[in-house]
**Student:** 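The structure that follows is given in the form of structure tokens.
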Amino acid sequence: MHTGRSESLVRCDLTRSGECLAITGEIDEANASALADRIGAALADRITLLDLRGVTFFSAAGVRMLLLVGPAVGVTDSGLRVRCSTAVWRIVALCGVAEVSGLLFEPSTRAGTDTSSKAAQ
């Protein structure tokens, strides 16, 4: 996918802008495998940010997608920042995959979701 181009898959859209690949919509069994392929291709084209802030539903298939993407990032010798919506971060944290090698997670900072600021209070 080239910069400035969008692509639609089942229940989600991908948009490439510079070194960012943004996904909006839902990530589930119907599209997770195709998304992993698209993200892998974008990694080869040097993306550094995966923006999932527009993802409203994130299933276990999305977790498997991230587990596939992590090792691919390691091959490119770079880290991939992953900005999470509340829906994504909830599942990532619940499944304990926030430590996937190669992926640097940035949880949502919307009210009530930033655990670092809550712990300090």
Side-chain angles (χ1 to χ4, degrees):
M1 173 180 292
H2 300 288
T3 296
R5 307 260 312 186
S6 293
E7 178 181 1
S8 291
L9 293 175
V10 176
R11 290 192 284 282
C12 72
D13 295 304
L14 294 84
T15 304
R16 173 77 188 264
S17 178
E19 293 181 349
C20 174
L21 179 63
I23 300 173
T24 58
E26 301 178 357
I27 298 177
D28 60 17
E29 192 66 38
N31 59 20
S33 180
L35 285 171
D37 291 343
R38 301 307 192 285
I39 295 167
L43 284 169
D45 198 24
R46 303 197 189 277
I47 66 161
T48 60
L49 174 63
L50 179 60
D51 188 347
L52 303 179
R53 292 177 297 174
V55 173
T56 56
F57 179 80
F58 192 75
S59 73
V63 171
R64 285 192 304 275
M65 174 195 76
L66 293 174
L67 292 172
L68 289 171
V69 169
V73 173
V75 171
T76 66
D77 253 353
S78 64
L80 179 64
R81 292 183 2 251
V82 182
R83 288 190 182 149
C84 300
S85 67
T86 302
V88 172
W89 180 247
R90 191 173 291 137
I91 299 302
V92 164
L94 180 67
C95 293
V97 295
E99 301 298 322
V100 172
S101 180
L103 302 180
L104 309 167
F105 288 94
E106 299 175 6
S108 173
T109 56
R110 282 194 263 171
T113 60
D114 186 0
T115 56
S116 60
S117 64
K118 293 278 184 196
Q121 293 178 348

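Throughout, numbering of the chain's residues begins at 1 and tracks the sequence. For the numbers below, each heavy atom of this structure counts, side chains included, while hydrogens, waters and symmetry mates do not.
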**Student:** Pick one: which of V55, I27, V63 meets side-chain contact (heavy atoms from CB on, under 4.5 Å) with V88?
**Tutor:** V55
**Student:** Evaluate side chain to side chain contact (heavy atoms under 4.5 Å, CB included) for S85 paired with L52, printing each intermediate quantity in order.
**Tutor:** CA-CA 6 Å; S85 67; L52 303 179; 5.5 Å; no
**Student:** What are the two closest non-hydrogen atoms of E19 and R46, and how far apart are they?
**Tutor:**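 Looking at all heavy atoms of both residues, the closest pair is CG-O, 3.7 Å.
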**Student:** Counting N and O atoms only, with roles assigned by atom type, does the side chain of R90 sit under 3.5 Å from a partner on the main chain of T86, one being a donor and the other an acceptor?
**Tutor:** no
**Student:** Indicate the atoms forming the closest heavy-atom contact of A32 with G62, along with that distance.
**Tutor:**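 Shortest heavy-atom contact: CB-N, 4.3 Å.
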**Student:** Restricting to non-hydrogen atoms, name the atom on A98 and the atom on F105 that form the minimum distance, rounded to 0.1 Å.
**Tutor:** O-CD1, 3.3 Å
**Student:** Going by the rule salt bridge (Lys or Arg N to Asp or Glu O under 4.0 Å), which residues pair with E106 if we only count those two or more places apart in sequence or in a different chain?
**Tutor:**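 Here the qualifying residues are R81, R83.
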**Student:** For L103 and V97, run side chain to side chain contact (heavy atoms under 4.5 Å, CB included): C-alpha distance rounded to whole Å, both residues' side-chain angles, the deciding distance at 0.1 Å, then the answer.
**Tutor:** CA-CA 10 Å; L103 302 180; V97 295; over 6 Å; no
**Student:** Under the salt bridge (charged side-chain N to carboxylate O under 4.0 Å, His left out) definition, can you give me all pairs with a residue in residues 92-105, not counting sequence neighbours?
**Tutor:**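 Every pair satisfying salt bridge (charged side-chain N to carboxylate O under 4.0 Å, His left out) with a residue in residues 92-105: there are none.
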**Student:** From the options D28, N31, T24, select the one residue that forms a side chain to side chain donor-acceptor pair (under 3.5 Å) with R11.
**Tutor:**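 Single side chain to side chain donor-acceptor pair (under 3.5 Å) partner of R11 among D28, N31, T24: D28.
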**Student:** Measure the CG-CG distance between D51 and L21 for me, rounded to the nearest 0.5 Å.
**Tutor:**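 It comes to 9.0 Å.
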**Student:** Return the CG to CG distance between L50 and L66, rounded to the nearest 0.5 Å.
**Tutor:**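 The CG atom of L66 is 7.5 Å from CG of L50, to the nearest 0.5 Å.
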**Student:** Nearest 0.5 Å please: distance from the CD1 atom of I47 over to the SG atom of C20.
**Tutor:** 7.5 Å
**Student:** Walk me through it: do M65 and I39 pass the test side chain to side chain contact (heavy atoms under 4.5 Å, CB included)?
**Tutor:** CA-CA 9 Å; M65 174 195 76; I39 295 167; 3.9 Å; yes
**Student:** Side-chain contact test, heavy atoms from C-beta onward, threshold under 4.5 Å: evaluate it for V69 versus V100 and give yes or no.
**Tutor:** no
**Student:** Please name the pair of heavy atoms, one in I23 and one in C12, separated by the smallest distance, quoted to 0.1 Å.
**Tutor:**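 So the minimum-distance heavy-atom pair works out to CG2-CB, 4.3 Å.
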